[in-house]
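Presented below is the structure to which this report refers.
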Amino acid sequence: MTKDITTKLLVIGGGPGGYVAAIRAGQLGIPTVLVEGERLGGTCLTIGCIPSKALIHAAHEFERAQHHAGGSTLGIRVQSPSLDIAQTVRWKDGIVNRLSGGVGALLRKAGVQVIKGWAHIEDGKTVRVQSAEGEAVQVRCEHLLLATGSEPVELPMLPFGGPVVSSTGALSPETLPRRLVVVGAGYIGLELGMAYRKLGVEVAVVEAAERILPGYDEELTQPVLDALEKSGVVLHLGCSVQGFDEKHGVHVRSARADEFALPADRVLVAVGRRPRTAGFGLESLQLDMAGRFVAVDAQCRTSMRGVWAIGDLTGDPMLAHRAMAQGEVVAEVIAGQARRFEPMAIPAVCFTDPEVVVVGRTPGEARAAGLDCTDAAFPFAANGRAMTLEATKGFVRVVARRDNHLILGWQAVGQGVAELAAAFTLSIEMGARLEDVAGTIHAHPTLGEAVQEAALRALGHAVHI
Amino acid sequence: MTKDITTKLLVIGGGPGGYVAAIRAGQLGIPTVLVEGERLGGTCLTIGCIPSKALIHAAHEFERAQHHAGGSTLGIRVQSPSLDIAQTVRWKDGIVNRLSGGVGALLRKAGVQVIKGWAHIEDGKTVRVQSAEGEAVQVRCEHLLLATGSEPVELPMLPFGGPVVSSTGALSPETLPRRLVVVGAGYIGLELGMAYRKLGVEVAVVEAAERILPGYDEELTQPVLDALEKSGVVLHLGCSVQGFDEKHGVHVRSARADEFALPADRVLVAVGRRPRTAGFGLESLQLDMAGRFVAVDAQCRTSMRGVWAIGDLTGDPMLAHRAMAQGEVVAEVIAGQARRFEPMAIPAVCFTDPEVVVVGRTPGEARAAGLDCTDAAFPFAANGRAMTLEATKGFVRVVARRDNHLILGWQAVGQGVAELAAAFTLSIEMGARLEDVAGTIHAHPTLGEAVQEAALRALGHAVHI
Amino acid sequence: RPLASPAVRQRALDMGVELRFVHGSGPAGRILQADLDAHAASGGQAPAQGP
Ligand SMILES: Cc1cc2nc3c(=O)[nH]c(=O)nc-3n(C[C@H](O)[C@H](O)[C@H](O)COP(=O)(O)OP(=O)(O)OC[C@H]3O[C@@H](n4cnc5c(N)ncnc54)[C@H](O)[C@@H]3O)c2cc1C
Ligand SMILES: Cc1cc2nc3c(=O)[nH]c(=O)nc-3n(C[C@H](O)[C@H](O)[C@H](O)COP(=O)(O)OP(=O)(O)OC[C@H]3O[C@@H](n4cnc5c(N)ncnc54)[C@H](O)[C@@H]3O)c2cc1C
């Protein structure tokens with residue numbers, strides 16, 4: 001027997017894109033149904049942003065304990081730090097459960113009907129759901145919102161299974177490996193690789209490109225590179241992976257065609273994510289695509305009337321806050337408001353240690369766009385707060401137009417710089433000039449003073465350097 | 001023999017006000033002499049902001065070690081944490097030395113002549129310095145800038161000496177006391193009291209007012225109060241101090257006139273700071289005063305032509321970043337630029353745990369000013385990043401005009417909120433409205449998302465609550 | 001793209017005003033709330049709002 005439901009808005013996918021769209025739609029009085037096959041919160045809350053940051057925090061704390069074990073410069077000494085990884089994972093799971101449950105409560109409060117199960121698209125207005133309870137549900141809707149997110153890319157010569165895991169497996173280890181090989185030096189591979197290293201695991205990273213964090217410029221990645229080397233993570237850049245066997249480990253071929261094996265009892269493949277476009281009838285809609293992504297306009301409309309798409313499904317940057325912002329726009333547009341998704345800047349944060357933040361254009365990007373611009377950096381080595389936090393690595397950099405000093409971009413690398421992203425993004429959205437930031441009083445002593453000093457320096461008169 | 005020097009600008013005091021003014025003046029080509037009786041960097045770098053934050057960081061790290069000693073929820077366990085306070089103080093001194101030396105280098109680079117010694121004002125254009133090397137120097141100047149800062153207030157019944165110390169003594173302990181009584185629950189008393197508690201000291205706080213951190217509203221101080229109680233700091237509010245003897249400790253009288261003694265082997269008196277206006281001939285200038293402070297106009301001119309004043313000497317808030325901003329203005333005005341010190345907002349941060357940030361108006365202040373305003377808070381308990389940092393106490397609050405949504409103020413309390421001050425202050429300086437912050441994409445997962453959610457909530461549609 | 005803060009952009013959308021046609025009097029040519037007010041008051045080139 002099939003149950004029939006009719007609604008105004010049907011959302012497929014309960015990740016940050018889908019659940020935010022559904023909550024906002026509910027708030028606006030739009031009858032809304034949300035279908036989710038796994039857990040509410042999607043990749044982000046259950047196997048992505050949140051659990052990775054939890055593990056990174058635990059790893060940071062353990063690393064500090066290890067640091068003090070030798071008798072630290074702070075005068076602190078501890079004996080024999082040990083880690084119960086099962087407890088760490090339980091703690092992390094507790095956070096995930098609370099957040100996923102919280103999303104459920106928010107959806108209920110907004111009046112959204114949630115169906116647990118996998119959606120199959122019949123046509124642009126009809127979706128069949130094989131619900132978890134075994135019952136089939138047919139949902140007819142006026143608006144269909146696709147928010148099915150993304151999934152890890154698998155390497156044919158290194159299929160997931162056993163000791164070869166994706167980020168999902170790496171975030172819920174039953175035990176810690178002795179030797180981990182990370183394939184891919186993008187942000188996910190490095191965040192997790194560094195965390196494992198801090199937990200005491202021997203870590204090697206294999207990356208096909210000649211550098212880590214391709215996409216960030218080298219000045220920005222240098223402090224991360226330094227930290228990797230200092231912590232003993234072994235980097236194999238310009239190398240490709242050939243396969244894996246339990247006896248020898250990961251087979252690697254270098255740029256010069258040398259072949260060698262990296263011993264490993266676990267392998268994390270983190271070579272990217274691809275939009276989830278297959279297996280649930282999406283193809284049948286024959287939507288216009290933008291490469292591997294579903295193409296959308298500034299209101300997140302696809303090429304088919306009444307069908308919308310948001311989040312990782314729709315392109316780069318594949319980040320949770322982009323998905324959420326798009327979700328809000330779609331709900332408000334459907335509610336009849338005039339809205340567009342046209343941010344001036346989307347921040348990107350890499351939670352390595354040191355952290356990396358990029359907002360707006362880098363000097364290279366600005367030049368490539370033909371803009372006559374100036375840039376200036378201020379190092380944390382000259383920042384008092386950074387010294388008191390033992391965090392003097394890194395810098396803040398600003399990029400601005402040379403003629404009118406309009407700020408085009410911010411980059412920062414350093415411990416704790418993630419929280420500077422709010423000021424960076426706001427300054428760009430507000431159309432701030434260098435003088436605006438230089439003329440704003442920044443609290444002493446904070447890392448944020450480096451933001452003001454970078455602006456001052458671009459104007460030719462930094463005080464503290 | 002007296003040496004004679006003539007200069008355009010003479011700065012008395014090498015704290016953040018004075019040294020920034022001198023550096024900027026030097027950059028602008030103004031012949032400048034700076035006189036400092038103690039160490040370059042002043043209160044802030046040598047006995048204030050920086051050493052206190054260093055001690056707070058060390059105390060935080062030790063507290064984490066203690067936390068893991070019991071076997072923490074993160075799965076980390078350590079044995080017998082111990083502290084070598086002498087090493088902690090050496091580390092702290094190392095930072096102070098580096099920063100003070102750095103200020104010297106910056107002054108040199110800017111071409112400023114530094115004289116070590118105590119300045120005595122002869123008249124508005126003449127200052128005599130008893131230099132450290134024993135030589136007397138007479139400096140004649142066109143512009144005299146007073147930046148002599150402030151000093152701790154002493155209580156007549158509890159004079160400094162022996163076990164009774166000011167913040168200066170509390171920042172360089174030779175040993176840790178077993179029992180510390182802190183007199184004064186302002187930010188300096190609480191920052192240091194909490195740090196000592198984390199270092200394992202039994203701490204009691206005596207405060208004449210009925211509440212901690214008078215000046216902040218109660219909603220904001222509640223999480224600090226909770227943390228104090230949880231950590232075992234004993235509060236005696238509405239109590240006055242009568243005296244001290246080594247046998248019984250600190251004599252206290254409660255509001256109901258009960259008298260009791262608080263055992264203590266050290267007493268930190270932190271009942272406020274007063275501008276340094278006496279003992280160096282300042283009185284002879286007969287400047288207009290604003291209460292106990294030297295009165296200045298929007299360009300930091302005193303009532304006497306050619307005499308300027310900045311920093312703690314000139315009024316509240318007595319904070320380093322205010323002094324620095326004033327210092328820049330004075331240097332630029334003397335260089336002939338049209339400048340004023342008229343910030344829309346000066347951030348204030350209290351580095352307790354949780355930290356407290358206040359920028360612009362609180363709801364109470366806005367109402368008292370007759371403004372029709374709205375306010376909204378977003379709790380860190382609903383913020384994913386806070387969960388992963390074990391830092392879910394506290395909230396971000398925004399205050400805005402009801403009619404046009406212009407943001408009037410921000411307050412936050414929570415771990416790490418100090419770094420949100422940059423975004424708070426910038427938003428107010430830029431004249432941002434609630435829609436500006438709500439419409440700015442905030443990186444996920446960061447504490448900064450609570451900033452956006454507070455703005456959304458004030459607009460009536462927060463997503464995550 | 002015309003330089004305007006999120007609040008100004010949103011209000012322009014609500015008013016049905018194309019920011020391309022609004023003079024920005026702010027620093028660096030930034031379009032301010034007041035510029036939108038002026039544009040609306042002058043009748044602007046704003047297309048009439050929908051029903
Ligand atoms: C390890 C890791 C760390 C990350 N860290 C960060 C970070 O720090 N910051 C950041 O911004 N981003 C981070 N990301 C990326 C972030 O998780 C994604 O950008 C975000 O989750 C995308 O949201 P979404 O709503 O588009 O899709 P998703 O979160 O992927 O959600 C899609 C949901 O749709 C469901 N679904 C799919 N198909 C169907 C179907 N047919 N029927 C029913 N349900 C379906 C899925 O089960 C899933 O729950 C990280 C990702 C990973 C893997
Ligand atoms: C424990 C503590 C913690 C603090 N934490 C913070 C904080 O976190 N953030 C913040 O913003 N502020 C903080 N402050 C306040 C901050 O230190 C002051 O606001 C700031 O130092 C004021 O700068 P100033 O230049 O006016 O004076 P000061 O820094 O006091 O400098 C004045 C200088 O003048 C010299 N001087 C005085 N008279 C003479 C003379 N006759 N001849 C020669 N030299 C002279 C003094 O030796 C001194 O070096 C803290 C203060 C204390 C005590």
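Chain identifiers are assigned alphabetically (A, B, ...) following the order of the sequence lines, protein sequences preceding nucleic acid strands; residue numbering begins at 1 within each chain. All values reported here derive from a predicted model rather than from experimental measurement.
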Counting only heavy atoms not in A:R340, do more than 12 sit closer than 6.0 Å to its CZ atom? no
Which portion of B:E355 sits near chain A, non-hydrogen atoms under 4.5 angstrom: side chain
For A:K109, which atoms come within 4.5 Å of any heavy atom of chain B: side chain, backbone, both, or neither? side chain
Residue B:V463 versus chain A: region with a heavy atom under 4.5 Å: both
Under 4.5 Å to a heavy atom of chain B? For A:M324 that would be side chain
Check each atom of B:A325 against the heavy atoms of chain A and say whether the ones under 4.5 Å are side chain, backbone, both or neither. side chain
Closest heavy-atom contact between B:T446 and A:F351? CG2-CZ, 4.4 Å
Contacting moiety of A:P445, where chain B heavy atoms sit under 4.5 Å: both
Measure across A:L74 and B:T88 and return the closest heavy-atom pair with its distance rounded to 0.1 Å. O-OG1, 2.7 Å
Measure A:R77 against the heavy atoms of chain B and call it side chain, backbone, both or neither at under 4.5 Å. both
Applying a strict 4.5 Å limit to non-hydrogen atoms, the region of A:A462 in contact with chain B is backbone
Heavy atoms only: give me the nearest A:L426-B:V437 pair and the separation to one decimal. CD1-CG2, 4.1 Å
May I ask you to name which of A:M387, A:R98, A:E429, A:M344 has the most heavy-atom pairs under 4.5 Å with chain B? A:M387
Max heavy-atom pair count under 4.5 Å with chain B, selected residue of A:L45, A:L420, A:L99: A:L99
Looking at A:I346, A:V20, A:V349, A:L389, which makes the most heavy-atom pairs under 4.5 Å with chain B? A:L389
In terms of heavy-atom proximity below 4.5 Å to chain A, should B:I428 be classed as side chain, backbone, both, or neither? neither
Walk me through whether A:H442 and B:T425 qualify under side chain to side chain contact (heavy atoms under 4.5 Å, CB included). CA-CA 7 Å; A:H442 284 66; B:T425 318; over 6 Å; no
Is there a side-chain contact between B:E332 and A:H461, using heavy atoms and a 4.5 Å cut-off? yes
Are B:E328 and A:L456 side-chain neighbours, meaning at least one heavy-atom pair lies under 4.5 Å? yes
Test: salt bridge (Lys or Arg N to Asp or Glu O under 4.0 Å). Region: residues 58-76 of chain B. Which pairs qualify, not counting sequence neighbours? A:E61-B:R64, A:R64-B:E61, B:R64-B:E390
Restricting to non-hydrogen atoms, name the atom on A:I50 and the atom on B:H444 that form the minimum distance, rounded to 0.1 Å. CD1-NE2, 4.1 Å
For a quick test of reading the model, state the closest non-hydrogen atom pair linking B:S80 to A:Q79 and the distance between them. OG-CG, 3.2 Å
Does the side chain of A:I76 come within less than 4.5 Å of B:P81's, by heavy atoms? no
Examine whether an atom of A:L106 lies under 4.5 Å from a heavy atom of chain B, and if so say whether it belongs to the side chain, the backbone or both; otherwise answer neither. side chain
Short side-chain to backbone donor-acceptor contact, B:E419 and A:L447, under 3.5 Å: yes
Closest non-hydrogen contact found for A:A443 with B:A421 is CB-CB, 4.2 Å
Could I get the full list of ring pair (Phe, Tyr, Trp, His ring centres under 6.0 Å) partners for B:H464, not counting sequence neighbours? A:Y19
Quick one: of A:L319, A:D84, A:I441, who has the most non-hydrogen atom pairs under 4.5 Å with chain B? A:I441
